[in-house]
Amino acid sequence: MEQATAQTREMPRIGEPAPPFEAVTTHGTLKLEDFKGSWLILFSHPADFTPVCTTEFIAFAEIYPELQKRGVELLGLSVDSVSSHIAWVRNCEEKTGVRIPFPVIADLNKEVATAYGMIHPGQSKTETVRCVFIIDPNQKIRTILYYPLTTGRNMDEIVRIIDALQTTDKNGVATPANWRPGDKVVVPPPNTQEMAEERLKQGYECTDWYLCKKKL
Amino acid sequence: MACISPDGKPTGSGIKILRVLKSGLASAEEIARATGLPPFRVRSGLREFAEAGLAVETVNAYEITDKGRTLTQ
């Protein structure tokens with residue numbers, strides 16, 4: 001029980017400060033604080049020169065321009081060496097014509113992977129699973145996604161989450177299931193009976209007092 | 001090292017940063033805007049330059065040293 005609690009504590013959680021790190025990457029030594037003021041997607045992959053990871057790296061590179069428009073940086077990670085990363089990103093460009101523009105952490109000692117709970121021994125004791133940590137400009141964790149080794153990530157969903165988080169921050173609203181930019185957003189639920197009654201008179205599209213939507 | 005090669009010379013990104021510093025004190029954000037490099041790359045590069053004695057950190061900004069100035073010539 002004690003051991004389980006200790007392991008739970010090691011796992012980062014949404015709303016908490018992102019664990020700080022200093023790591024060797026394909027773009028030199030980087031610290032988490034270097035990304036302060038930008039959104040950051042820190043993502044791990046199991047290993048270089050593997051098929052699913054290669055499709056993901058190409059896909060991450062393809063959404064990078066869209067992410068940049070939204071003030072988002074990408075940072076990859078695996079437990080491979082920086083030489084392996086360099087060889088792999090060069091190979092990706094050579095074979096597919098897609099340049100990998102973002103840095104990749106060479107986490108040989110698994111320091112960052114451990115701090116972020118990226119190794120799930122039930123899947124692999126040596127490789128990181130496919131994690132995505134969305135970290136806001138104040139370096140707080142806003143979203144965590146875990147995918148198994150066999151399932152490549154969905155880039156549309158990652159961009160959609162960024163859009164949803166930024167819309168929430170800007171407008172103080174929530175976003176409903178399958179929301180896309182331009183769709184109606186959810187007005188935060190009222191906290192008092194009076195607010196609930198007033199809400200119904202405010203011209204929102206309300207299914208009931210607790211579920212009201214509006215156009216931005 | 002991203003901005004200093006193993007032979008001690010600045011890389012292409014490093015030269016861009018040093019050239020901005022050569023024209024005066026600048027913050028990481030100002031250098032990022034002037035060079036088009038992402039702010040994280042600039043912060044990391046400035047840290048390398050400070051460690052190598054090519055730049056010094058002042059209040060919220062960096063200044064090129066004589067050693068750094070020599071490398072941009």
Side-chain angles (χ1 to χ4, degrees), chain A residues 18-43 60-61 63-77 81-83 85-86 89-90 99-108 112 133-140 162, chain B residues 1-22 24-65 67-72:
Chain A
F21 59 80
E22 178 172 350
V24 174
T25 81
T26 49
H27 291 204
T29 300
L30 295 175
K31 295 182 178 185
L32 174 66
E33 66 196 50
D34 291 336
F35 294 91
K36 208 172 266 183
S38 301
W39 288 79
L40 172 65
I41 297 176
L42 170 64
F43 68 98
F60 272 116
I63 63 165
Y64 188 58
E66 280 304 313
L67 293 174
Q68 280 188 304
K69 284 182 202 164
R70 293 158 171 82
V72 183
E73 290 295 342
L74 279 171
L75 178 58
L77 177 148
S81 69
V82 79
S83 302
H85 286 336
I86 291 169
V89 298
R90 286 173 64 88
R99 190 179 151 266
I100 307 299
F102 48 83
V104 189
I105 293 176
D107 196 29
L108 281 171
V112 183
F133 290 87
I134 299 180
I135 299 168
D136 73 14
N138 297 317
Q139 312 229 288
K140 192 182 278 188
I162 291 285
Chain B
M1 300 285 240
C3 288
I4 305 176
S5 300
D7 62 4
K9 289 182 184 157
T11 60
S13 308
I15 292 278
K16 282 184 189 173
I17 295 172
L18 286 173
R19 280 194 182 137
V20 176
L21 287 177
K22 206 174 165 184
L25 278 174
S27 67
E29 291 70 27
E30 287 165 340
I31 296 168
R33 277 195 295 275
T35 58
L37 291 168
F40 73 86
R41 279 291 299 273
V42 174
R43 291 187 190 119
S44 157
L46 288 169
R47 198 163 52 240
E48 286 177 23
F49 287 152
E51 284 165 11
L54 306 184
V56 287
E57 190 173 4
T58 62
V59 184
N60 296 325
Y62 282 80
E63 187 176 8
I64 195 166
T65 62
K67 189 177 170 188
R69 207 173 283 277
T70 310
L71 288 175
T72 60

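Nothing here was measured: the structure is a model prediction, and the numbers come from that model. Letters A, B, ... are given to chains in the order of the sequence lines, protein chains preceding strands, and every chain is numbered from 1. Values reported hereafter were calculated over all heavy atoms of this structure, with side chains retained and with hydrogens, waters and symmetry mates removed.
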Using a 4.5 Å cut-off on heavy atoms from C-beta on, say whether the side chain of [Y] contacts that of [X].
X: S44(B); Y: H27(A); answer: no
X: F40(B); Y: P103(A); answer: yes
X: R41(B); Y: D34(A); answer: no

Handout entry: Neighbour count above 12 (heavy atom, 6.0 Å) for K22(B) NZ
Key =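 Atom NZ in K22(B) is packed in, count exceeds 12.
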Exercise for the section: Would you indicate whether R90(A), at its atom CZ, is surrounded by more than 12 heavy atoms from other residues, nucleotides or ligands within a distance under 6.0 Å? Expected result: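 No, CZ of R90(A) has 12 or fewer neighbouring heavy atoms, counting only those of other groups under 6.0 Å.
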Practice task
Return yes if some donor-acceptor pair links the side-chain N/O of R43(B) with the main-chain N/O of K31(A) below 3.5 Å, else return no.
Solution key: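 Checking the backbone N and O of K31(A) against the side chain of R43(B), no donor-acceptor pair under 3.5 Å is found.
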